[in-house]
Structures are given as C-alpha cells and as structure tokens.
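Notes to accompany the following structure.
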Amino acid sequence: MIAFVSGTVAALAPDSAVVEVGGVGMAVQCTPDTLAKLRVGQAARLHTSLVVREDSLTLYGFADDDERQVFELLQTASGVGPRLAQAMLATHRPDTLRRAVATADEKALTAVPGIGKKGAQKLLLELKDRLGAPIGAPAVGAPVSQGWRDQLHAALIGLGYATREADEAVTAVTPQAEAAGGAPQVGQLLKAALQTLNRAR
C-alpha cells in the first residue's frame with residue numbers, strides 16, 4: 001500500500017500529475033481541485049490510494065487524508081469503482097458528500113456525471129452509515145472569494161497554457177463562479193475553463 005507520495009511535480013495533465021520520487025516519476029490520477037493546487041517544479045505531498053486490477057496498477061492522489069478515506073469508503077458501495085468515486089470527489093468536497101448522504105439529497109448526487117436518479121437513491125441507502133456526519137458547518141451567505149481567480153490562472157499556466165489563454169478562460173468562467181453564491185470550487189472552474197479552451201482550439 002502506497003499511503004502517500006512526496007516529491008517534485010514533474011508534469012501536470014488535465015486529470016493527472018507526475019511526481020518525481022527518488023528519481024522515479026509516479027503518475028497519480030487526481031481531481032481538478034487537487035491539480036489546481038500543484039505547480040510544476042514545486043514540492044508536493046499527495047495522499048494516495050493504490051487500485052490494483054489484473055491488467056493495471058493505478059495510483060489516485062488527494063490533497064488530504066480525509067479525501068482519500070472518503071474515496072475508499074465510496075467504493076464500498078456496490079457499483080462504485082475508483083473512476084466514479086473520483087468523479088464524485090471532483091464534483092463535491094468530502095463534507096458536501098457527507099451532507100448530501102445525511103440529508104438524502106438526491107439532486108447533489110445526480111449532479112455527478114454517471115449517476116442517475118435510481119443510482120443516487122441506491123447510493124444514499126448504502127452510504128448512509130458509512131460516510132459519517134459532516135465535519136464542518138456549511139457556509140451561509142459567504143462572499144464570493146476572489147482568490148479563485150489567481151488559483152485558476154496559476155493552474156492553467158501550470159498546465160502549459162499561455163497567459164493570454166489563461167486570462168480568457170478565467171473571464172469565460174467568471175459568471176459560473178459568481179453564480180456559485182459562495183466560495184467557488186476551483187476544481188470545477190478548472191474543468192469548465194479547460195472545456196472553453198478546447199473549444200477555442
């Protein structure tokens with residue numbers, strides 16, 4: 001079991017990072033939110049979960065141990081593999097998922113690509129006693145954080161986009177960020193920004 005990797009970020013892609021550990025490049029699958037915090041050439045420490053299949057070994061990386069634990073707990077539900085568990089964490093933070101399960105919020109789960117109404121109902125039943133209670137209280141009426149602009153811009157530059165392209169992408173997703181009503185998730189904005197950049201090319 002590889003519990004974490006610590007080293008210099010050698011490369012970033014839209015869904016993964018390569019971390020150099022002792023001269024070896026470890027490819028780690030990450031959510032957009034985690035990738036947004038990484039910078040090529042800088043040190044990073046990612047909590048990891050190793051998924052072993054007959055034909056592959058895949059390392060999934062997370063910003064903190066709570067996210068890693070939720071990733072593994074989600075897979076205890078029938079029909080949830082590592083890719084769907086990662087998609088759930090790409091859409092919602094761990095505490096948001098706990099709150100969704102605790103309040104039987106089907107809408108929150110169907111917001112995840114690949115989960116329909118029936119799947120959400122089944123997951124709510126199976127995960128009810130597994131994820132535990134939300135750790136933090138939800139932010140009510142929190143002002144939109146402006147820090148997301150700098151984080152998103154730096155993440156796009158880290159992925160190899162030009163400054164002008166990053167500027168345009170940040171502008172394109174600004175309405176989405178403001179519509180969030182609170183501090184927007186940089187990971188979700190990064191996905192939206194990448195979509196606008198891919199359409200522009």
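Quick note: residue numbers are just sequence positions, from 1.
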Distance in Å, E67 CD paired with L97 CG, rounded so as to fall on 0.5 Å steps: 9.5 Å
Electrostatic pair D15-K191, nearest N-O below 4.0 angstrom: no
Intermediate values then yes/no, salt bridge (charged side-chain N to carboxylate O under 4.0 Å, His left out), R98 and D66: CA-CA 12 Å; R98 289 192 189 97; D66 182 40; 2.4 Å; yes
Polar contact flag, side-chain donor to acceptor under 3.5 angstrom, T34-T31: yes
Closest approach of V51 to R53 (non-hydrogen atoms, all atoms of both residues): CG1-NH1, 3.4 Å
CZ/R83: more than 12 non-hydrogen atoms of other groups inside 6.0 Å: no
Smallest separation among heavy atoms of A44 and V9, with atom names: CB-CG2, 3.6 Å
Close side-chain approach of L124 to L109, heavy-atom, < 4.5 Å: yes
Donor-acceptor under 3.5 Å (Q42 side chain, L38 main chain): no
Beyond-backbone contact of S6 with V21, side-chain heavy atoms, under 4.5 angstrom: no
Test log, rule side-chain contact (heavy atoms from CB on, under 4.5 Å), inputs D105 and R99: CA-CA 8 Å; D105 186 353; R99 194 168 292 111; over 6 Å; no
L131 CG to L74 CG distance, which is reported to the nearest 0.5 Å: 5.5 Å
P32 versus L190, closest heavy-atom pair with distance: O-CD2, 3.7 Å
Test log, rule side-chain contact (heavy atoms from CB on, under 4.5 Å), inputs Q176 and L189: CA-CA 8 Å; Q176 179 181 331; L189 295 177; 3.9 Å; yes
Closest contact, heavy atoms only, F71 versus L89: CB-CD1, 3.6 Å
same_hphob_cluster(V5, L57) at 4.5 Å side-chain heavy-atom cutoff: yes
Any T8 side-chain heavy atom under 4.5 Å of V19 side chain: no
Side-chain (H92) to main-chain (A108) donor-acceptor, under 3.5 angstrom: yes
Heavy-atom side-chain contact between L35 and S16 under 4.5 Å: no
Note, K117 side chain near Q121 side chain (heavy atom, < 4.5 Å): yes
Value rounded to 0.5 Å, distance of CD in Q29 from OG1 in T48: 12.5 Å
Pair E72-S49, side-chain donor/acceptor within less than 3.5 Å: yes
Distance-minimising heavy-atom pair for L194 and P14: CD1-CB, 4.0 Å
Steps toward side-chain contact (heavy atoms from CB on, under 4.5 Å) verdict (M88, I115): CA-CA 9 Å; M88 291 171 77; I115 298 181; 4.0 Å; yes
Check: T76 main-chain N/O paired with R130 side-chain donor or acceptor under 3.5 Å: yes
Heavy-atom donor-acceptor pair, T196 side chain to A193 backbone, under 3.5 Å: yes
Side-chain heavy atoms of V80 within contact of E126, under 4.5 Å: no
Side-chain heavy-atom pair V18, V28 within 4.5 angstrom cut-off: no
Residue pair P113 / L84: nearest heavy atoms and the distance that separates them: O-CD1, 3.9 Å
side-chain contact (heavy atoms from CB on, under 4.5 Å) evaluation trace for Y161 with L197: CA-CA 9 Å; Y161 288 97; L197 287 165; 3.7 Å; yes
Heavy-atom donor-acceptor pair, R93 side chain to A90 backbone, under 3.5 Å: no
Over-ring placement of R68 relative to Y60, 6.0 Å and 45° cut-offs: no
Heavy-atom side-chain contact between M26 and L46 under 4.5 Å: no
